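Hydrogens, waters and symmetry mates are skipped; everything else that's a heavy atom, side chains included, is used. From a predicted model like this one, the values you see are computed outputs, not experimental measurements. Whatever order the structure lists ligands and atoms in, that order sets their numbers, starting from 1.
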Amino acid sequence: MTVTVATLGFPRIGPKRELKFALESHWAGKTDAPTLLATAAELRAKTWARQAALGVAHVPSNDFSLYDHVLDTSVMVGAIPPLYGWTGGPIDTAAYFAMARGTQGSSGEEACAHGHAHSHGHGLPAMEMTKWFDTNYHYLAPEVSRDQAFALSSTKPVDEFLEAKALGVHTRPVLLGPVTFLKLAKTKDEDFSPLSLLSALIPVYAEVLTRLQRAGADWVQIDEPCLALDLTEFERGELRRAYGALSHAVPGLRLMLTSYFGGYGDNLSTAVNLPIDGLHIDLARAPEELDRVLSASREGLVLSLGVIDGRNVWRANLPALLDRLDPIVSKRGGDRVILAPSCSLLHSPVDLELETGIDPEVRQWLAFAVQKIEELVILAAALNQGRPSVAGHLAASQVAAEARRTSPKIHDAAVAARLAAMTPAMAKRTSAFGRRQAIQIPRLDLPAFPTTTIGSFPQTEDVRKARSAHGKGELSDADYATFLREETARTVAWQEEIGLDVLVHGEFERNDMVQYFGEQLSGFVFTKHGWVQSYGSRCVRPPILYGDVSRPAPMTVEWWRYAQSLTDKPMKGMLTGPVTILNWSFVRDDVPRSLACRQIALAIRDEVVDLETAGAKVIQIDEAALREGLPLRRGDWGAYLDWAVECFRLTASGVADHTQIHTHMCYSEFNDIIAAIGAMDADVISIETARSKMELLDAFEAYAYPAEIGPGVYDIHSPRVPAVEEMTDLLKAAQTRLSSGQLWVNPDCGLKTRKWPETRAALINMVEAARIVRQATGVA
Ligand code: GLN
Ligand code: ZN
């Protein structure tokens, strides 16, 4: 009658990003496929051994992937788009990577300033990549057609089960469930829903399950995170149909159904009544759901309680968790309770042991993947053998929780006082947009269709080398500053020379648009090895927001002042907005996200005001991640957008009417949030629109968006230089939807991932396109 521990998935990339380096060396042609596969097998072996040694009873297999587990699933079921010329049979690594990254080698894949992938090019394009639920992990969207046939085309789940078995580890294989798989699938066919392929897909899943059972598996984990989304009655019926068929096909094999990133909500009764043997609940996101699950589920159902937060980095308060778990275990029986992280640990950094540089006080509050497993094992031991058996661990956990709760490092009375003194007026500009515009136009004296860029200029090898040398102490502060000043001066002079209207300094001093600010604000720490997979071999190291946020000193004013001193044209002040800083960080779990965001907003507001005082007439506040913070359930959108918009306004509203506030968002699906975008009340917004050929302006037209807009006229994710005519065509398309007086001319996003030659050529063409359109419109 013992409580056991499961993990739903472990980071694949390796404690020191071993997989990343193996992949990149293979892609660069330096190592062959067998070498890469050997490294991958070694990583799997270590991961299994490590989890088993820590005391995990249900160690996952098939959670590993060379690139992405959704792509693996497409390959498993033989959903390979025709484009890749597959004619059946096993899919080799070359074909696999062609789907993942296109066939242009390293230039087949481009990342925008924050690791969001795009593909393009002349060889085979990569499959479409999009964000995995509300995480910063990106998956390759399955692509299916109306007459899609499925066939078992990869035995990876079985192979990896047997591989672990040979190493002495009995694993619980993980599959992405058929309903979620089809819900994530895209199609080019009209009037066709991928979910209608379910009947064709089920036999392939049945075959995989049968083979797993034959190989010796007793439990299989099937992930259906679509259960955390809004589902239709039809979709719920399809879940019942799918699991009815699968349980029928493989009697005796036990299915653990998981969903995560939220509660089941109105899908709960569907979930608990499926013919499954176990059900996982994300108790980090939906702690209130536990009682409902307990009362709704039949007695024999094994419950996997996701009590440790797999999406954040905080150490748990174990005695407090035990107080909740004790009655459940005594009532249900230990063998019907499994303890688990709330979701796969894919979204968590690997091992806190490697972080020797973090402030020790903050460090004792943290837990990465390995530490989260240790916590689960301690909880299970306390439940099975009694709390005294792990008394020392429990006491340490409680001491850390108490220290964190009361630490002066976290709680800053001045920040609290400032928040308490906040008034609604602080989130409002003095006058409405129309009046502000009337004041800004003569002050800025810009031509019609003013030209500008989004902020960053190429981060060349030289820039990266200098930054890294400075970081290692090989380049003095003074020499590094001189280097950055020279880069900035050259960039400013060049912008002037080609005739851009509103200039930028180029952001050469910034490593990353969030990290740069986090490092200068109080309340953040940074890790050395806290990498989390973003997609493929790309990893990010999110800042950790642990305490009250304030801004000890101006962060960008000196750079702005220097850049403005080099030109008479307006120089934009360039900041990252509070919602983006929040959404790209690990955040506190002891205060609501909205409160943490307000603190960041007040800190950035100080910077906005200081830039204005220094003389900046134009200030851009980037909110690249505002949209991706949208909750998974539509019903929660309003509350999120309310505080997100309020925080942006709080940041932007400390300035006089004559100061022009820009914002930038590097995406373009605005239809469903256009009212919130309007409510942000920026004077100018720049967005990504080139690839959609300005269709995305429809939302702004329909909403009668009153302020100014810079729809990106060229795609910065590719080195391709757009012709002048292409951009004039796009501007003309924009003119059919918006008035000429509203339009700005700029690229889709920052230029940091580009090289100088194509940047020069493209911007020269862009300035020419603006000139032509001015002339054609009679405003030149
Ligand atoms: N100002 C930033 C840059 O140009 C914006 C980047 C982004 O939106 N992702 O790099
Ligand atoms: Zn952008």
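Near Met513, the atoms of ligand 1 lying under 4.0 angstrom from a non-hydrogen atom of the residue are 6 (C), 7 (C), 9 (N). Atoms of ligand 1 found under 4.0 Å from any heavy atom of Gly455 (numbered from 1 in listed order, with element): 4 (O). The atoms of ligand 1 that sit less than 4.0 Å from any heavy atom of Ser456 are 3 (C), 4 (O), 10 (O). Distances below 4.0 Å separate heavy atoms of Gly750 from the following atoms of ligand 1: 3 (C), 4 (O), 10 (O). Applying the 4.0 Å criterion to heavy atoms of Cys666 picks out, from ligand 1, the atoms 7 (C), 8 (O), 9 (N). Taking every non-hydrogen atom of His664 and a distance limit under 4.0 Å, the qualifying atoms of ligand 1 come out as 8 (O).
Salt bridge absent: Arg12 and Asp68 never bring a charged side-chain N and a carboxylate O closer than 4.0 Å. Here Asp512 does not pair with Arg541 in a salt bridge; the nearest charged N to carboxylate O distance is not below 4.0 Å.
Take the N/O/S atoms of His664: the one nearest the Zn ion (ligand 2) is NE2.
Partners of Trp560 according to the ring pair (Phe, Tyr, Trp, His ring centres under 6.0 Å) rule, which considers only residues two or more places apart in sequence or in another chain, do not exist here.
The side-chain contact (heavy atoms from CB on, under 4.5 Å) test with Leu446 singles out one residue from Thr451, Val502, Thr452, and that residue is Val502. Between Arg551 and the choices Ile600, Asp610, Ile604, the side-chain contact (heavy atoms from CB on, under 4.5 Å) rule is met once, by Asp610.
For Ala624, every heavy-atom contact with ligand 1 shorter than 4.0 Å involves the side chain, none the backbone. Within the 4.0 Å heavy-atom criterion, neither part of Met665 lies near ligand 1.
Polar contact with ligand 1: absent for Lys752 (N/O pair, distance under 3.5 Å).
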Under the salt bridge (charged side-chain N to carboxylate O under 4.0 Å, His left out) criterion, do Arg561 and Glu558 qualify, and how do the steps go? CA-CA 5 Å; Arg561 211 192 295 275; Glu558 276 321 303; 3.3 Å; yes

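Considering only heavy atoms from C-beta on, Pro711 comes within 4.5 Å of Leu743 through its side chain.
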